[in-house]
Amino acid sequence: VSGAFLRGRDLEPSSLELSVDAVVVGTGAGGSIALRELARAGLDVVAFEEGALLTSRDFDQREDHMFEQLYQDGGGRATHDMAIRVLQGRGVGGSTVHNTNLCKRPADALLELWARQYGVEGAGPNDLRPAFEAIERDLSVSEIEPAMRNANNDVLRAGCEALGWQGGPLKHNRVGCTQSGFCELGCTYDAKQNALKVVLPQAVQAGARIYSDVEIVSIAHDGQRAAGVRGIVRGADGKPRGSVEVRARVVVLAASAVGSAALARRSGLPDPHGRLGRGLRLHPGGIVAARFDREIVGWRGIPQSYECTELLSHEPGSDKRVWIVPAFAHPIGAAATIPGFGAGHMAAMRSYKNLAVLTAMVHDETSGEVTVGPDDRPVIRYSMLESDRRQLALGLVACARLLLAAGARHVTIPAIPPVHVSSASELEALDVSALRPHSVPLTAVHPMGTMAMGEDPKVSVVRSTGEHHQVRGLFVADGSLFPTSLGGPPQIGIYGFALHLSPRMVERARAG
Amino acid sequence: MPVRETSVSRRRLIQGALAGVLLVGGALAVTFRTRDYAAATGRRLLVLAGWQWVVLRHAASRITAPDATAGATAASADDLDVAGFVDGWLSRMDTRVARDFGRFLAYLEQIAPLGCGLLSRFSQLGPAEQDRVLASLESSRSELLRAGFEGLKALVFMGYYRHPRTWSVLAYDGPFVGRPEGGWR
């Protein structure tokens, strides 16, 4: 079988019936690795992606064009109560196409916690190290050099140093970066060493076929064994133009913690302990903006190259669960976040080139849920715990403190009503109880945990091997696996776990 | 028990009369508060109804109102066809998005002004009154209404700040891809 990228919108005939060894749903970090490893094992394997196949030539650096193509619901996906915007990728390569390329391994303390408290076996720091090292080689991971740090990131560094807070450079997976600053809209220059650029071509070279524009709507199973998937082929206009039916011994779910859980729920998988879709973590984050006298020009350069970890601990029960990184947006994103409208808003937008923006992301304990609505679409329920709400407030105030320490003239927390401060003493007097969901606009880019792994079926959905507790041959290979929040960027964790678990998938596909 | 029967009958009569008045009043209110939209549209819309188009144009005009520095030189929402952009955007999204957006516009047009003590519908108010109504939604106690306002604002600003003519206000030099020799204007 020869590998290929195939566009569902161009398929003739427009419907497919296939019989393969394994099928992968989703082509982001986890799906790409599972696909590649299955193909490299000599198995006949196909992957399906709901979104389009785009390449660097399609990434035109325009927010109004790319959001629609690269993000679920055009970037408008949100929790059921509209409190948190959930930005998730769609298209071949998944979220690795639009992410900001941050590469951090899951903390050892977390992996140990998962073993100790969640019954995850064979996934300790030493077990995962080879997988993480291999992924980092594949993706050419390196530390971002100080010379590549833009002014917005340098504000964070300056703030950390002024306050004596813990911070440092981040690692990334870019090669040949031109520092254009349009990472969240796809890389025009092919500098991102992501699933689309690196892993999926390797999978195709090994014989895998990748179909874009195909939405998988159900998993075929008899309650004990996976048998394949069924889906809809969509045209360029998004309208159905055909159907897909695939018979396979192994089905790998890698459609994100939202997509995989929704698909599993729609398919009526056995769920004797009611765990499917539960345990959702989001890393909800709010931003703080500051005006400087000098120009920052935050839209130019690598968006995130420095982190503040002063308030971040991965130890269980810690009261420090906030990760702070820069978060500058292009004009449309910035305009939507700056409080107010009309003349006052335009006056604030005039400061755009002088703005620095940080985000406080909560390493959350809240357990949300993914369900399916009457129209079969995913519904994300997430009601933030008070302990997480306090962490959010702590983080937003910390961002303000960092910005002031770095020399900001004026700091704004875009709450309702907006909080404006110009000195640290004003921060001390701030009533932080108002800094909560629905008052502060929140965004989440890291859904996790809806099909958690572990050996105890009462608290997990899949085994430590990634295989479903009840349905043989059904695997999960995305952020759904994680029993808790990661407290950092998840892509290395997802790539790494998919690689770590792939021998089990291969074994099952061969054994039948 | 005849007295009781008479009493019930009177009550029913009064209730019936009240219901009739409400029905006729409601019909008149609907008639008066929803007329004159179709003629104002003047273009073929993809998703929005004529009245939604009118309300959106009014809202977009206030949301993107220029500051004193820009004054009359700033591009208006109508200049940049913000409402047309939103109509096109919604046509490519899931139908639920357009449905929810339409419901919010209905609230903005018919109900929200009443909450500010204004009897006219939103699209017939003056700019200052429209700003009052929008501000009331932005700071509403209802989480749903605040979210609705944020959604409206996000779509309007997407339609507005997507345009290179607005970028000079921000000193934003725009994408490298397709950049004209003299820069974006």
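Note: hydrogens, waters and symmetry copies are ignored here, and every other heavy atom, side chains too, is used. Throughout, a chain's letter reflects where its sequence line sits, starting with A, and its residues are numbered from 1.
- For B:Leu144, the CG atom counts as loosely surrounded, since its 6.0 Å shell holds 12 or fewer non-hydrogen atoms of other residues, nucleotides or ligands.
- Within the model, atoms CE of A:Met346 and CG of B:Leu170 stand 8.5 Å from one another, a figure rounded to the nearest 0.5 Å.
- Residue A:Leu355: no heavy atom, backbone or side chain, is found under 4.5 Å from chain B.
- For chain A, no part of B:Val97 is nearby; none of its heavy atoms comes within less than 4.5 Å.
- Looking at B:Leu134, both its backbone and its side chain come within 4.5 Å of chain A, counting heavy atoms on both sides.
- Between chain B and the residues A:Gly340, A:Ala83, A:Gly181, A:Gly344, the most heavy-atom pairs under 4.5 angstrom are made by A:Gly340.
- Heavy atoms closer than 4.5 Å to chain A are found in the side chain of B:Met93, but not in its backbone.
- Most heavy-atom pairs under 4.5 Å with chain B, from the set A:Ala336, A:Pro417, A:Gly342: that is A:Gly342.
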Would you enumerate the inter-chain donor-acceptor pairs between chain B and chain A whose distance is below 3.5 Å?
from     : atom 1 : to       : atom 2 : distance (Å)
B:Ile63  : O      : A:Gly342 : N      : 2.8
B:Ala65  : O      : A:Ala343 : N      : 3.3
B:Asp67  : OD1    : A:Arg350 : NE     : 3.4
B:Asp67  : OD1    : A:Arg350 : NH2    : 2.9
B:Asp67  : OD2    : A:Arg350 : NE     : 2.6
B:Arg92  : NE     : A:Glu68  : OE1    : 3.2
B:Arg92  : NE     : A:Glu68  : OE2    : 2.3
B:Arg92  : NH2    : A:Glu68  : OE1    : 3.1
B:Arg96  : NE     : A:Asp375 : OD2    : 3.4
B:Glu138 : OE2    : A:Gly340 : N      : 2.9
B:Glu143 : OE1    : A:His438 : NE2    : 3.2
B:Arg146 : NE     : A:His438 : O      : 3.1
B:Arg146 : NH2    : A:His438 : O      : 2.6
B:Lys153 : NZ     : A:Ile338 : O      : 2.7
B:Lys153 : NZ     : A:Gly340 : O      : 3.0
B:Arg162 : O      : A:Arg62  : NH2    : 2.7
B:Asp173 : OD1    : A:Trp299 : NE1    : 2.9
B:Asp173 : OD1    : A:Arg300 : NH2    : 2.5
B:Asp173 : OD2    : A:Arg300 : NH2    : 2.8
B:Phe176 : N      : A:Gln61  : OE1    : 2.7
B:Val177 : N      : A:Gln61  : OE1    : 3.0

